[in-house]
Amino acid sequence: MKIYVPRDAAAKALGAEAVAAAVLAEARARGLDVTLVRNGSRGMVFLEPLLEVETPEGRKAFGPVGAADVPGLFAANFGDHPLALGLTEAIPFLAGQTRLTFARVGVIDPLSLADYEAHGGLTGLRRALGMTSEQIVAEVKDSGLRGRGGAGFPTGIKWDTVAKAKAAQKYIVCNADEGDSATFADRMLMEGDPFTLIEGMAIAGIGTGATRGYVYIRSEYPDAIAVMEEAVKIARAAGLLGDNVLGSGRAFDMWIRTGAGAYVCGEETSLLNSLEGKRGVVRAKPPLPALEGFLGRPTVVNNVISLATVPVIFERGAAFYKDFGLGRSRGTIPLQIAGNVKFGGLYETAFGLSLGQIVDDIAGGTRSGRPVKGVEVGGPLGAYFPRALFDTPFGYEEFAGKEGLIGHAGLTVFDDSADMLKMARFAMEFCAIESCGKCTPCRIGAVRGMETVDRIARGDASAIPVLTDLCNTMKFGSLCALGGFTPYPVMSALTHFPDDFHAAHQEAAE
Amino acid sequence: MTANATAVAQRTDDIVADLATLEGPLLPILHAVQAAFGYVPQEALPRIAEGLNLSRAEVHGVMSFYHDFRTEPAGRHVVKLCRAEACQAQGADALAAHAQARLGTAFHGTAKGVTLEPVFCLGLCACGPAALVDGEVVGRLDAAKLDAILSEFGA
């Protein structure tokens, strides 16, 4: 009998280790021959720990399972049981998805290269090894893939710049400093299908002439770091990395690096400084990292999801991938549904769903059962969207058009108990804590921003135009997105939820 | 309690010798030093600086930039509570107030052998409030669950 219990951090946080131990103990007690696979998460965090058992009809799911439920599941022979969810693939949350980047996550044993290949892995890299650099770059350009870290810059154009740069050494740097609240796609991918990221980086290396790569993972992700370290070792031993990638005569090798708790290092130039062993201070651009990046050499800096999407593009073709999506947002996007929601987790789908469909239909509204007040889209630098804007389709330009951003596609849902003035203050406070200090609008502006929100909270209405003006300065005067985008949550809170700011004066006046 | 200065210097030299050839070796070295001692002792900084041909000020500047590196040992246990928005939407603020009151310390402080720290996102945003307790992830934390953990720590 084959049983799956995820090793994903979210599953662990909800008790998967105890469930896995209980499965082994119960199998032993019953004298059953059980193979326990520690897969990644299927992304249905509301059902974690999700236990699956292999049957002739397909994998059947049970969840959320506690260690105490395990003997009962064995007693029921994994048939009729109150926790039974039927065939995993038929669970509505999963059945409605288009899984391209996350096709294997939760399905395979993350550290089995054989399992990886049996599910389509390495097909893309093998195809790329038969192509010229120009063809590889053209394939990525044609796919319409844009940076999934948040900036949305066309990945192919970045690769093209690095491919054309002349240098003795070039690099592929994977940005796995996924610090935005509500985002966990990078973590889930690295913990659930690390070879996809390795394959994507190898294709990037072959395509641009870079022979060395680094994955910069935040220290807050100890599980992801452990899986990636192990996966790189396995890949190297199997000849997928090294001087002779899959026997092609081409070289590419990569290493894992750990961040040290600085949010700003998710900004690419700050990340490069950190990787070099410096303070994670933002660099002025130009020069572009594509020309003068890591150690001053041409460097591709891409997000985990961008790189992990490359293999499927090469496996199934640019046209196949480009066929999904809307407008200039092509392909699929892993939505990360978080905060106060009934059905939280990762939902990969083509661009274009409306925010309302995501929040009401997929997430099922709030866990608390109270009305949804607003949704912060895109992490701590993203705007708060009120219900009035729920018809906005999920796409880069569509959200920008509503003074917001999709960022890394994280959504935090708040119920009506949220105080948006407090959230605006938090945005400024977070910026003040995490500012690298290089530019004045961010370093000083965030502190003044906190003070100004506090003035509004004390009932000083004259501070509202000051806050607006300050946000304008930060937005246009900051060197990077930390200071530049902090105005999004602040101004959206002020614009869409004015009552929370005016109530403050009324209370103070009384 | 701080580690013996000579022992620190010796161990740091070994770590530097091991890692100095990496591209951008300083962060891996600081992580290794912290793993060895539980914090980055002052005595380690001049050794690292000498080994990498940097000034001591540069090494201090890098170390002090990052939230992760400690200048003194933590308590026997470390509880990192997530303070970011997704956890706030699920009651993290009340939990943070409870933790501080129960331990009798503010964030960044140590009381009853437990160091309490804020963390901004653990990637457990669909099962918050989340925490990292001695390096282990915990989800859907509430006051009762936290009390049970702290009681186990004798705090």
Side-chain angles (χ1 to χ4, degrees), chain A residues 9-10 12-14 45-46 48 178-184 186-188 212 214 219-224 255 257-263 274-281 294-295 336-341 344-346 367 376 379-380 410 412-415 418 423 426 430 433-434 436 489, chain B residues 19-20 22-32 34-35 40 48 52 54 58-70 80 82-94 117-133 135-141:
Chain A
K12 279 187 179 174
L14 297 171
V45 178
F46 58 100
E48 292 291 0
E178 185 182 50
D180 290 351
S181 180
T183 65
F184 45 87
D186 297 355
R187 180 185 64 65
M188 252 186 70
R212 298 170 77 87
Y214 290 96
S219 61
E220 291 86 346
Y221 283 180
D223 293 285
W255 296 269
R257 285 292 173 85
T258 306
Y263 172 77
S274 184
L275 203 55
E276 289 180 10
K278 297 174 182 160
R279 291 165 67 88
V281 171
F294 183 54
L295 300 173
Q336 298 132 79
I337 301 168
N340 191 342
V341 284
L346 183 134
R367 181 146 69 102
E376 188 180 35
T412 306
V413 177
F414 291 83
D415 72 12
M423 298 319 296
F426 176 78
F430 183 71
I433 294 170
E434 298 297 336
C436 82
Chain B
L19 301 174
L22 296 179
E23 292 180 311
L26 186 46
L27 253 62
I29 287 172
L30 288 170
H31 275 303
Q34 177 144 305
V40 182
I48 298 171
L52 299 184
L54 295 171
E58 281 173 289
V59 178
H60 173 80
V62 170
M63 188 194 89
S64 58
F65 181 86
Y66 297 96
H67 299 304
D68 278 3
F69 300 122
R70 303 176 190 285
K80 296 187 180 192
C82 181
R83 308 281 295 116
E85 290 93 328
C87 284
Q88 287 182 37
Q90 300 169 82
D93 283 353
E117 290 183 345
V119 62
F120 291 95
C121 199
L122 296 165
L124 304 171
C125 319
C127 55
L132 206 56
V133 178
E136 297 291 326
V137 286
V138 184
R140 293 211 188 105
L141 196 58

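Every heavy atom of this structure was used, including side-chain atoms; hydrogens, water molecules and symmetry mates were not.
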With a 4.5 angstrom heavy-atom cut-off, is it the side chain or the backbone of [X] that approaches chain B, or both, or neither?
| X | answer |
| --- | --- |
| M188(A) | neither |
| L295(A) | side chain |
| F426(A) | side chain |
| E276(A) | backbone |
| V413(A) | backbone |
| P222(A) | side chain |

Mind ranking [options] by heavy-atom pairs under 4.5 Å with chain A and telling me who comes out on top?
| options | answer |
| --- | --- |
| A126(B), C87(B), A130(B), G91(B) | A126(B) |
| G61(B), A92(B), S64(B) | G61(B) |
| Q34(B), E136(B), E85(B) | E85(B) |
| E58(B), R140(B), R83(B) | R140(B) |

Derivation of the side chain to side chain contact (heavy atoms under 4.5 Å, CB included) call for V138(B) and K12(A) | CA-CA 7 Å; V138(B) 184; K12(A) 279 187 179 174; over 6 Å; no
Non-neighbouring partners of L22(B) that pass side-chain contact (heavy atoms from CB on, under 4.5 Å), sequence neighbours left out |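 For L22(B), the residues satisfying side-chain contact (heavy atoms from CB on, under 4.5 Å) (neighbours in sequence not counted) are R257(A), L19(B), P25(B), P28(B).
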Looking only at heavy atoms and a cut-off of under 4.5 Å, which of [options] has the most pairs with chain B?
| options | value |
| --- | --- |
| I337(A), D223(A), I433(A) | I433(A) |
| C436(A), A9(A), A262(A), A260(A) | A260(A) |
| A13(A), A10(A), G344(A) | A13(A) |

Distance-only side-chain donor-acceptor flag, Y66(B) / S274(A), under 3.5 Å |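 Yes, because at least one side-chain N or O of Y66(B) sits under 3.5 Å from a partner of the opposite role on S274(A).
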List the atom of C127(B), the atom of L14(A), and the distance in Å for their closest heavy-atom pair.
->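 Looking at all heavy atoms of both residues, the closest pair is CB-CD1, 3.9 Å.
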Rounded to the nearest 0.5 Å, how far apart are SG of C125(B) and CG of L346(A)?
->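 Between atom SG of C125(B) and atom CG of L346(A) there are 11.5 Å.
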Between atom CZ of F184(A) and atom CG of L122(B), what is the distance when rounded to the nearest 0.5 Å?
->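 So the gap between those two atoms works out to 13.0 Å.
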Would you say that [X] contacts [Y] through its side chain, given a criterion of any heavy-atom pair below 4.5 Å between the two side chains?
| X | Y | value |
| --- | --- | --- |
| E220(A) | C121(B) | no |
| L27(B) | T258(A) | no |
| Q88(B) | M423(A) | yes |
| K278(A) | F65(B) | no |

For the pair [X] (side chain) and [Y] (backbone), establish whether a donor and an acceptor sit closer than 3.5 Å, ignoring hydrogens and angles.
| X | Y | result |
| --- | --- | --- |
| H31(B) | G259(A) | yes |
| S181(A) | A86(B) | yes |
| R279(A) | V62(B) | no |

Centroid separation F120(B) to F430(A) less than 6.0 Å |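 That pair passes the under 6.0 Å test.
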Using non-hydrogen atoms only, which part of E23(B) is less than 4.5 Å away from chain A: side chain, backbone, both, or neither?
->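 E23(B) touches chain A through backbone and side-chain heavy atoms alike.
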